[in-house]
Each structure stands twice: as C-alpha cells, then as structure tokens.
Amino acid sequence: MALTKVKGSGLGTLGDGTANDTKIVFDGNAQDYHIGLDDSADTLNIGKGSALGTTTAMTFDANGLILKPLQPMFDVNATASQSLSSGTITKITFDNENNDINSDFDLSNNKFIAPVAGVYFFQIYLTFSTMAAGAGMGMFFYKEGNLFRTVHHQSAEINITFGITGSAIMKLAALDEIEVYAFQGSGSTETIGDVSNVGGGGITADNSNYWTGYLLG
C-alpha cells in the first residue's frame, strides 16, 4: 500500500492504482473497525474487525448503491390455520421463517426482540374464515406483554372470508419484545389462515398469515 502526500493540502491517497485491496484499521481497546476498498468487487466497505470483507456493516458500490447486510429484518408466516374464540384476544403464532437477518425473531415464542434501540417498521396480514355478520375483529401489537398499538378494528357487515392488514412504526428500546394478537368479538369459533379461496384468488394457507419487520434506523 502506498500513501501519496498531496502537497499543501494535508491530505493523501491510499493505494497505487493497481488491483490491491486497501484499508484503514481503527485499533480500539475492545473492538477494532475498518474502512476499506475491495478492489475485486469495486466496493467501499465499513465493518467490524481488522479483516476486510468480514462482518461488513455497510457497502457502497460503484453505482452509488448502499447495502447494509447486517441490518435487522425478519419475514415469518404460518403454514397452518389457528382458532380464534369469541370474545378472546389470541396471540398469533407463526412456524416458518422466510428471512431473519441478525436472528432477532424468536420463532418458538412468536415474538420479535429488538436488538438495539431504534425505530422499527412492522406489517402484519391475517385472513379470517367466514367471519359472521356483526362480529367485531381487531389486530394488535403487544410490547412486553401489554397492549401497545391497535392496527385494525372493524365489524363484518356480512358473512365473509377476508383478510385484514395493519402496519406500524415504533420506537423501541433494546430488548423490547413485540407480539401480535387478534380479537374476535362475537359469533362461533373462527379460524385464521384458512383461505381456500379468499376473493376468488385461490390463496393457500401457507402464505395467508404473515408478519414482517425491519429496523429503519
């Protein structure tokens, strides 16, 4: 690696124009970080540790695109239907992870655990089977076991199979736990995720209930 001094500017150039990776390492007491050029990929990387190309937190490519490969993001769904009892708020369960960058979704307990304090975006979609006319239904986000945000609430005007969706932006502290609950106000026991033909679209149960979220910053 060559360092070329620019006369009178106090600045310099790292590298000599040949196909070689170039980096600066910040040698910390407990943790090192690096900024470097991956010359084979033509990207500028920022990451943890002293080795270029490992634990990369941010990448800038030649087209100006910025990638954050460690940014928390999850996408889960249910592959089976779930019963809702009348007048009962029920926790929604999921059994399949399509994505879980940073491993922040606890699939065994059906909850997202915020890895860091920040602002998060969440979206949920549930399908209801043959909800009775006049039956109220709702969808809620719980934080630390308590009602935190109502994202959908309405009454069915006719007997109908349909889906409801809701989204929310939340400011969370590190280790805050978020869960999804649904409510059926009246009528016989219904199911969610039972969608043999919602809206005539032939949607199958394996993609009928899903929850996704990610860290905004």
Of all the heavy-atom pairs spanning [X] and [Y], show the shortest one and how long it is.
X	Y	result
Glu144	Asp176	OE2-CA, 3.2 Å
Pro72	Asp104	CB-OD2, 3.3 Å
Ala173	Ala114	O-CB, 3.6 Å
Pro69	Ile101	O-CG2, 3.5 Å
Lys91	Asn109	NZ-O, 2.6 Å
Met139	Thr165	CE-C, 3.6 Å

Just how far is it from atom [atom1] of [X] to atom [atom2] of [Y], taken to the nearest 0.5 Å?
X	Y	atom1	atom2	answer
Leu216	Gln71	CG	CD	8.5 Å
Ile113	Asn102	CD1	CG	11.5 Å
Met73	Asn99	CE	CG	4.5 Å
Phe141	Met170	CZ	CE	4.5 Å
Asn98	Asn77	CG	CG	4.5 Å
Leu52	Thr22	CG	OG1	9.0 Å

Whether over 12 other heavy atoms sit under 6.0 Å from Lys48 NZ: no
Indicate whether the side chain of [X] and that of [Y] have a donor and an acceptor atom separated by less than 3.5 Å.
X	Y	result
Thr79	Asn96	no
Thr59	Asp61	no
Thr93	Gln82	yes

Within-4.5 Å side-chain heavy-atom neighbours: Ile35 and Asn45: no
Contact check, side chains of Leu70 and Thr55, non-hydrogen atoms, under 4.5 Å: yes
Step-by-step ring pair (Phe, Tyr, Trp, His ring centres under 6.0 Å) determination, Tyr125 to Tyr210: CA-CA 5 Å; Tyr125 179 77; Tyr210 70 81; 5.8 Å; yes
Quick check: is [Y] connected to [X] through a chain of hydrophobic side chains (ILVMFWY, heavy atoms under 4.5 Å apart)?
X	Y	result
Ile24	Phe60	yes
Val116	Leu175	no
Leu65	Leu37	no
Leu44	Tyr33	no

Centroid-centroid under 6.0 Å between Phe140 and Phe148 rings: no
Validation row, ring centre Phe74 to ring centre Tyr214 under 6.0 Å: no
side-chain contact (heavy atoms from CB on, under 4.5 Å) evaluation trace for Met58 with Ile66: CA-CA 7 Å; Met58 186 176 293; Ile66 302 174; 3.7 Å; yes
Step-by-step side-chain contact (heavy atoms from CB on, under 4.5 Å) determination, Ile92 to Leu126: CA-CA 9 Å; Ile92 306 305; Leu126 305 177; 4.0 Å; yes
Step-by-step side-chain contact (heavy atoms from CB on, under 4.5 Å) determination, Phe121 to Leu215: CA-CA 6 Å; Phe121 173 81; Leu215 173 65; over 6 Å; no
Polar side-chain atom of His34 near backbone of Gly49 as donor-acceptor pair, under 3.5 Å: yes
NZ/NE/NH1/NH2 to OD/OE distance under 4.0 Å, Glu179 and Lys111: no
Partner of Ile178 by side-chain contact (heavy atoms from CB on, under 4.5 Å), out of Tyr142, Phe105, Trp211, Tyr120: Trp211
